[in-house]
Amino acid sequence: MESVLLGIGVTALAGALATVAGAAEDTESNIGSQGDPNSQVQLAPQMGYIHRIYNKAVSGEPPAYGLWVTISAGVAWAFMITGMNPVLAIVIASALAVFVQGVYATTAYLGRTASLAKFEQPVYIDVIKSVTTVTMAHAFVAIFTTVAMCYLLVEALGHPFPLPLLGIVWGIALGAAGSATGNPFYGKERQYQTQNFGAGVPISASGNIVRYAEAGQRSSLDNGWFTAKLGGPASGVCFGLIVFLELWRTVLFESVAGGWGAIIAGVVIILIFMIIDRYIEVWARKNYGPYVKAEEVSA
Amino acid sequence: MTVQVTASTGGIPHNKIMAFGLVGSLVCLYLTYLNQYLSVEYAAFFGGLAAVFALIWGTDTIKHLCSYGIGTGVPSAGMIAFGSGAIAMLLATATQFNSMFLSPIMAVVFGAIIGGVAGWLANSVMRMNIPVMVRSLTEMAIIGAIVLMGFTAVMAGGFGFEALSAREFALFGSLAIKNFEFTVLGGCLVAVSFMLGAIALQHPFNACLGPGEKQDRTLMLAAECGFLSMIPVAVISFAFVGIGAAVLSLIVAVVGWYYTYARYIELSKRDAFAWLDAKPILEPKGED
């Protein structure tokens with residue numbers, strides 16, 4: 001009983017860490033314009049819209065976060081087997097991973113922007129200086145919390161995988177959660193807020209992202225400020241729930257039916273979420289209906 | 001609407017880069033055998049240099065493959081290279097080959113077989129019908145295997161099965177015990193090498209693609225990514241090799257990274273439309 005209580009406590013703590021990680025990850029990727037909205041940032045100069053938005057085209061978020069978290073987990077693991085204090089090891093390893101992330105971010109911005117010279121898109125050095133550091137800070141939070149969570153799984157819950165392997169699994173999961181949940185807030189709600197709500201992005205509007213702010217010109221930091229309100233927390237809840245439910249079912253039901261209990265519980269959780277998703281989809285279709293053509297205004 | 005993938009043509013021909021990358025990385029991998037031969041660990045850093053050579057070659061391969069309009073496929077190309085390369089690497093580091101100093105050659109052979117099969121599946125079974133697919137995937141599986149072996153050599157001082165899976169701990173002076181958990185394979189550090197290599201392989205072309213892509217800038221970025229990946233690998237090596245060898249690997253990585261990064265920024269400055277600091281958006285004047 002005591003071990004189950006401890007397990008539930010660790011599960012809650014891991015879920016909380018994952019929530020912070022998800023929120024930081026989404027905000028980081030939106031400030032840097034990573035993930036699928038990046039294609040519009042890349043496209044804008046080709047359509048004649050010169051902008052001052054960061055262009056962090058490292059790869060999709062899942063592989064990129066797979067890398068940052070795995071670096072941190074691997075280096076922390078190596079430090080720990082030499083006898084270093086785990087907290088110190090994870091902090092130093094996360095700092096090293098963030099250094100790699102920052103270098104990748106600058107080379108991506110410089111490379112993509114320099115290759116757009118034909119369309120008169122200049123390289124803005126102040127964008128690199130001001131935005132890279134902010135994405136690095138958010139990435140540090142995301143990486144540190146994810147690796148700390150993985151460490152909890154190994155040390156407190158006795159997970160059989162070594163830390164680097166958990167790092168690659170949960171790093172990719174973190175990137176996937178942030179990408180799937182957070183990007184609509186950035187892509188459709190922020191870059192295209194001049195379009196009518198629900199209009200989608202027609203071909204004619206491709207690349208026509210919002211480049212000017214309420215005062216002056218829009219910076220990528222404004223995008224982070226905007227998505228930190230809803231997109232970030234939504235991603236955090238998504239990743240936190242993934243981690244929490246995954247551990248919860250294992251801690252509670254692993255002893256049932258020789259391990260099959262946890263698997264059955266997992267399938268049941270997936271079925272419940274499928275029913276919820278289907279209900280929301282049907283509800284949304286009924287209330288908003290299919291896309292309709294704009295009604296002709298009578299002359 | 002997706003981003004159009006455009007790449008420059010001309011420059012150094014691909015076959016030349018391939019020869020340069022293959023020979024350079026094989027020579028560097030063989031130089032890591034000095035560790036075994038001389039019973040030292042200082043030659044570990046040659047593994048990192050092998051990875052850099054292979055990544056330069058791989059960047060050019062990805063450029064050729066992705067010029068067939070595989071826009072979002074650029075990062076995936078890095079993943080499949082290392083997925084197939086990991087199998088080739090594990091087969092090639094088997095004790096039979098390593099004891100005969102054959103592991104690097106066998107990595108090329110196994111990589112070619114696995115990559116060739118993957119390319120054939122992609123082209124003939126999945127009907128992608130991309131002319132360079134079979135050749136590119138063959139090259140990339142070899143590159144993946146070489147980079148993984150190179151990083152492993154930096155971490156553990158060699159890529160023999162003993163170096164990968166066993167580590168001796170000194171207990172009370174002369175008494176030593178063997179540990180299999182705290183090793184490169186036991187700690188699953190192949191996952192770290194996998195991600196470091198896969199992202200480093202796809203990043204240079206992914207970052208530089210566009211109408212103004214230049215071969216020298218892209219390849220400089222490839223070298224930069226190689227040295228940058230070597231930095232965490234060298235830091236991890238502190239746990240496995242002597243402090244002198246690990247510091248040497250770290251210095252080689254940092255110096256190489258700094259030089260290539262500075263050169264890359266210079267080349268970006270050369271190719272950029274303008275290099276501005278704290279200036280507003282300049283609306284384009286158009287070409288006419």
Side-chain angles (χ1 to χ4, degrees), chain A residues 39 42-43 45-46 48 50-52 57-60 63-64 66-67 70-71 73-75 77-79 81-82 93 96-97 99-100 103-104 106-126 161-165 167-168 171 203 206-207 211-212 216-217, chain B residues 1-4 72 74-75 78-79 181-182 186-189 191-192 194-196 198-199 202-204 206-213 217-218 221 224-225 228-229 231-232 235-236 238-240 257 261 264-265 267-269 271-286:
Chain A
S39 64
Q42 169 76 11
L43 191 63
Q46 307 189 27
I50 303 301
H51 60 75
R52 279 170 55 88
V58 177
S59 69
L67 174 61
T70 315
I71 292 177
V75 174
W77 181 88
F79 282 160
I81 64 165
T82 57
L96 183 67
F99 164 76
V100 175
V103 172
Y104 267 108
T106 54
T107 53
Y109 176 79
L110 285 174
R112 281 280 172 104
T113 314
S115 290
L116 287 171
K118 191 176 154 193
F119 304 105
E120 306 188 15
Q121 167 74 43
V123 169
Y124 291 105
I125 287 304
D126 58 311
F161 285 5
L163 194 59
L165 192 55
I168 197 171
I203 295 290
S206 264
R211 303 171 298 142
Y212 291 94
Q217 287 153 10
Chain B
M1 197 169 191
T2 52
V3 182
Q4 198 194 352
T72 49
V74 183
M79 297 297 149
E181 187 187 353
F182 296 150
C188 202
L189 290 175
V192 183
F194 178 94
M195 286 313 297
L196 278 171
I199 299 285
Q202 60 82 23
H203 182 67
N206 190 42
C208 291
L209 60 84
E213 194 262 348
R217 179 159 54 96
T218 309
L221 183 55
E224 191 265 347
C225 286
L228 180 65
S229 303
I231 294 177
V235 171
I236 289 174
F238 276 92
F240 299 109
W257 168 76
Y261 189 59
Y264 173 73
I265 291 179
L267 292 174
S268 300
K269 209 167 182 171
D271 293 342
F273 172 69
W275 194 264
L276 304 175
D277 195 356
K279 291 284 188 296
I281 294 171
L282 300 170
E283 293 295 350
K285 289 185 271 302

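All heavy atoms count here, side chains included; hydrogens, waters and symmetry mates do not. Below, chain A is the first sequence line, B the second, and so on; all start at residue 1.
- In terms of modelled atom types and a separation under 3.5 Å, the side chain of Gln202(B) and the main chain of Val58(A) share a donor-acceptor contact.
- When side chains are defined from C-beta on, Val100(A) counts as touching Pro232(B), because their heavy atoms get closer than 4.5 Å.
- Contact annotation: the side chain of Thr106(A) never approaches that of Ile265(B) to less than 4.5 Å [non-hydrogen atoms, C-beta and beyond].
- Your options are Glu224(B), Lys269(B), Met79(B), and the one with the most heavy-atom pairs under 4.5 Å with chain A is Glu224(B).
- Using a 4.5 Å heavy-atom cutoff, the side chains of Trp257(B) and Val103(A) are in contact.
- For a residue to count as touching a neighbouring chain, one of its non-hydrogen atoms must lie under 4.5 Å from one of that chain's; by this rule Ser229(B) touches chain A with the side chain only.
- Residues Leu189(B) and Pro164(A) approach most closely at CD2-CG, 3.9 Å, considering heavy atoms.
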- Kindly determine whether Val75(A) and Phe238(B) satisfy side-chain contact (heavy atoms from CB on, under 4.5 Å), including the steps that lead there. CA-CA 10 Å; Val75(A) 174; Phe238(B) 276 92; over 6 Å; no

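- Atom CD1 of Ile199(B) is separated from atom OG of Ser59(A) by 4.0 Å, given to the nearest 0.5 angstrom.
- With chain B as partner, the option from Gly66(A), Pro63(A), Ala97(A), Gly60(A) having the largest number of non-hydrogen pairs under 4.5 angstrom is Pro63(A).
- Scanning both residues, Thr107(A) and Ala207(B), for their nearest heavy atoms gives O-CB, 4.1 Å.
- Interatomic distance, CZ of Phe273(B) versus CZ of Phe119(A), reported as 12.5 Å (0.5 Å rounding).
- Across every non-hydrogen atom of Gly48(A) and Pro284(B), the tightest pair is O-CG, 3.6 Å.
- Scanning both residues, Leu116(A) and Pro211(B), for their nearest heavy atoms gives CD2-CD, 4.3 Å.
- Of all the heavy atoms in Leu209(B) and Gln42(A), the pair that sits closest is O-NE2, 4.2 Å.
- In terms of heavy-atom proximity, Ser115(A) sits nearest to Arg217(B) at OG-NH2, 3.0 Å.
- Separating the CZ atom in Arg52(A) from the NZ atom in Lys279(B) is a distance of 10.0 Å, to the nearest 0.5 Å.
- Side chains of Tyr264(B) and Leu110(A) form a contact here, defined as non-hydrogen atoms less than 4.5 Å apart.
- Atom CD1 of residue Ile281(B) and atom CD of residue Gln121(A) lie 8.5 Å apart, to the nearest 0.5 angstrom.
- Taking 4.5 Å as the limit, some side-chain heavy atom of Phe99(A) sits within range of a side-chain heavy atom of Leu228(B).
- Interface remark: of the candidates Gly186(B), Ala274(B), Cys225(B), Ala274(B) forms the most heavy-atom pairs closer than 4.5 Å to chain A.
- The side chain to side chain contact (heavy atoms under 4.5 Å, CB included) test with Cys188(B) singles out one residue from Ile168(A), Thr70(A), Leu165(A), Leu163(A), and that residue is Leu165(A).
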- Evaluate the criterion side-chain contact (heavy atoms from CB on, under 4.5 Å) for residue pair Ile236(B) and Trp77(A); output intermediate values, then yes/no. CA-CA 9 Å; Ile236(B) 289 174; Trp77(A) 181 88; 5.9 Å; no

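- Here the side chains of Thr113(A) and Trp275(B) are not in contact, with every heavy-atom distance at 4.5 Å or above.
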